[in-house]
Amino acid sequence: MSQGTAAGDAAPATMRAVVVTRPGGLDALEIKDVPVPVRKPGWVRIQMKAFGVNESEITTRKGESDAEVTYPRVPGIEGVGVVDETDEASGLRPGQQVATMMGNMGRSFDGSYAQYVTVPTAQVIPFETSLPWDLVGALPEMFQTAYGSLATGLGLRAGQTLLIRGGTSTVGLSAATIAKDLGATVLSTTRSPDRAGELTAVGVDHPLVDNGTIADQVRELMPDGVDAALELVGCSVLAETLRTVRRHGTVCFTGALAGQWTIPDFTPFIIPSGVRLTSYAGEAADLPADVFAHQLQAIAAGSLKVPVAKVYHGLEQVRDAQADLESGTTPGKHVVVLDD
């Protein structure tokens with residue numbers, strides 16, 4: 001077993017964390033003093049600086065997650081901060097800026113709604129940036145899902161055309177910015193005409209109002225169909241999305257914002273001849289450190305936009321962040337910063 005290395009100032013014995021002891025409403029999010037997690041070999045302890053708030057954590061708080069989620073639990077499937085303690089062999093160093101996400105964090109083991117978190121080394125992404133924590137805290141899960149869908153799911157290349165269903169979601173907005181940075185032409189949908197400007201603001205070339213005729217609208221713009229489509233709305237519109245794609249193009253199913261994850265009495269013949277259907281449900285490793293570094297540089301240069309809805313300060317505002325996310329009134333990512 002390799003020796004560990006720790007930051008110069010030893011971590012305290014206890015920390016503040018948001019704990020869900022039982023499923024429930026917003027009042028189930030309780031701030032408690034709990035022991036600082038002890039790092040296991042092959043894991044990294046991170047001092048948290050900021051974290052995004054996600055639908056998954058609302059599901060955990062309500063008790064609607066699958067059986068792997070147990071209580072009491074510190075929620076939080078993503079976060080950014082600095083290394084507090086690590087194995088010497090990890091390639092990381094105390095004080096280094098890092099991001100972490102997914103891998104059952106906040107589900108089967110305690111997550112990022114806390115001052116410290118421990119995670120497997122494999123789900124840690126090191127980075128260097130002077131961007132503020134509130135901005136970087138919006139990125140890990142959002143950009144990992146968007147980038148993984150485009151790169152792993154669709155293999156999107158410069159010069160291709162991409163349709164995003166569910167374009168005003170955080171992943172949809174992020175996917176648009178990443179695809180534009182890559183050099184793609186982007187079509188993206190919203191159900192509300194009033195929100196089309198949000199799509200234009202992140203560089204979407206063709207905002208489309210989803211009134212049930214998306215396939216016709218796409219074919220008017222691209223008679224042969226788009227090269228690729230990212231499905232974030234779900235199975236309720238998947239058949240129509242498949243009809244927007246050219247022969248030998250690909251649809252990637254990543255999300256189900258409308259709540260429908262399955263198709264009753266599914267038949268493969270809903271897939272048009274020659275169109276490919278795949279899915280994406282990735283992990284931190286699908287966002288390589290060099291890709292994350294490029295994204296941070298592009299954000300700093302102003303060529304990549306980050307859809308941040310609101311920034312909250314301190315664990316005391318986690319309830320507000322979850323309430324605002326549930327209301328759905330403000331587009332973009334809700335981020336909590338742990339102020340020193």
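A quick note: this is a predicted structure, and the numbers were derived from the prediction, not measured.
Under a 3.5 Å cut-off, the side chain of Asp210 and the backbone N or O of Thr189 do not form any donor-acceptor pair. Within the 3.5 Å criterion, the main-chain N or O of Gly106 finds no donor-acceptor partner in the side chain of Arg73. Put simply, the side chain of Gln123 never gets that close to the backbone of Asn104: no donor and acceptor are under 3.5 Å apart. Thr121 places a side-chain N or O within 3.5 Å of a backbone atom of Gly42 that can act as its donor or acceptor partner. A donor-acceptor contact shorter than 3.5 Å links the side chain of Gln144 to the backbone of Glu283.
Note: the hydrophobic cluster containing Val209 does not contain Leu230 (ILVMFWY, side chain heavy atoms under 4.5 Å, direct or indirect links). Grouping the Ile, Leu, Val, Met, Phe, Trp and Tyr side chains by contacts below 4.5 angstrom, directly or via other members, places Leu154 apart from Val237. A continuous path of hydrophobic side-chain contacts links Val291 to Leu135 [ILVMFWY only; heavy atoms under 4.5 Å].
With contacts defined as side-chain heavy-atom distances shorter than 4.5 Å, the pair Val38/Thr118 does not qualify. Taking the side chain as every heavy atom from C-beta outward, Tyr147 and Asp286 never approach each other to under 4.5 Å. Using a 4.5 Å cut-off on side-chain heavy atoms (C-beta onward), Leu139 and Gln295 make no contact. You'll find the side chain of Leu315 reaches within 4.5 Å of the side chain of Leu338, heavy atoms only. Residues Leu150 and Leu162 are in side-chain contact: their nearest non-hydrogen atoms beyond the backbone lie under 4.5 Å apart.
Relative orientation of the Phe51 and Tyr113 rings is parallel, given thresholds of 30° and 60° on the angle between their planes.
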With a 3.5 Å cut-off and sequence neighbours excluded, list the donor-acceptor pairs that the side chains of residues 75-83 form with protein atoms.
unit_1	atom_1	unit_2	atom_2	d
Glu78	OE1	Glu141	N	2.8
Glu78	OE2	Asn54	ND2	2.9
Glu78	OE2	Lys333	NZ	2.8

Indicate every side-chain donor-acceptor pair of residues 21-35 with a distance under 3.5 Å to a residue at least two apart or in another chain.
unit_1	atom_1	unit_2	atom_2	d
Thr21	OG1	Glu30	OE2	3.2

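Not counting sequence neighbours, Tyr280 has no partner by the ring pair (Phe, Tyr, Trp, His ring centres under 6.0 Å) test. Residues satisfying the salt bridge (Lys or Arg N to Asp or Glu O under 4.0 Å) test with Glu55, not counting sequence neighbours, are none. By the salt bridge (Lys or Arg N to Asp or Glu O under 4.0 Å) test, Arg195 is found to be paired with Glu198, residues two or more places apart in sequence or in another chain being considered. Partners of Glu68 by side chain to side chain donor-acceptor pair (under 3.5 Å), not counting sequence neighbours, listed by chain and number: Arg107. Applying the side chain to side chain contact (heavy atoms under 4.5 Å, CB included) criterion to Pro207, with sequence neighbours excluded, gives Ala196, Leu199, Thr200, Val204. Considering only residues two or more places apart in sequence or on other chains, Asp324 meets the salt bridge (Lys or Arg N to Asp or Glu O under 4.0 Å) condition with Lys310. Annotation: side chain to side chain contact (heavy atoms under 4.5 Å, CB included) contacts of Ser174 (sequence neighbours excluded): Met142, Phe143, Ala146, Pro307.
Considering all non-hydrogen atoms of both residues, Cys252 and Gly153 come closest at SG-CA, 3.9 Å. Closest heavy-atom contact between Val233 and Gly166: CG2-N, 3.5 Å. Across every non-hydrogen atom of Tyr312 and His334, the tightest pair is OH-ND1, 2.9 Å. Counting all heavy atoms, side chain and backbone alike, Leu156 lies closest to Ala228 at CD1-CB, 4.1 Å. A pairwise comparison of heavy atoms in Leu92 and Thr86 identifies O-CG2, 3.7 Å as the closest pair. In terms of heavy atoms, Ile125 sits closest to Leu287 at CD1-O, 3.4 Å.
In this structure, the separation between CD on Glu85 and CZ on Arg45 is 4.5 Å, given to the nearest 0.5 Å. The distance from the CD atom of Gln97 to the CD1 atom of Ile46 is 12.0 Å, given to the nearest 0.5 Å. Thr168 OG1 to Arg191 CZ: the interatomic distance, rounded to the nearest 0.5 Å, is 8.0 Å. Here the straight-line distance linking atom OG1 of Thr59 with atom CD of Glu64 works out to 6.0 Å at 0.5 Å rounding. Distance check: Ile58 CD1 to Leu325 CG gives 4.0 Å after rounding to the nearest 0.5 Å. Note that the OG1 atom of Thr244 and the CG atom of Asp216 stand 11.0 Å from one another [nearest 0.5 Å].
A salt bridge does not link Arg247 to Asp224: none of the charged nitrogens lies less than 4.0 Å from a carboxylate oxygen.
The list of side-chain hydrogen bond (donor to acceptor under 3.5 Å, both in side chains) pairs with a residue in residues 226-242, not counting sequence neighbours, reads Thr161-Asp227, Arg165-Glu240, Arg165-Thr241, Asp227-Arg246, Glu231-Thr241. Residue pairs satisfying the side-chain hydrogen bond (donor to acceptor under 3.5 Å, both in side chains) criterion with at least one member in residues 125-135, sequence neighbours excluded, are absent.
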Arg61 and Arg319: CA distance, side-chain angles, deciding distance, side-chain contact (heavy atoms from CB on, under 4.5 Å) verdict = CA-CA 11 Å; Arg61 185 249 297 164; Arg319 289 184 181 180; over 6 Å; no
Steps toward side-chain contact (heavy atoms from CB on, under 4.5 Å) verdict (Leu232, Ile164) | CA-CA 7 Å; Leu232 300 172; Ile164 302 171; 4.1 Å; yes
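With no hydrogens or angles considered, a side-chain donor-acceptor pair links Asn211 and Gln217 at under 3.5 Å.
Grouped by direct or indirect side-chain proximity (heavy atoms under 4.5 Å, Ile/Leu/Val/Met/Phe/Trp/Tyr only), Val218 sits with Leu163, Leu187, Leu208, Ile214, Leu221, Met222, Val226, Leu238, Leu242, Val245, Val251, Phe253, Trp261, Ile263, Phe266, Ile270, Ile271, Val275, Leu277.
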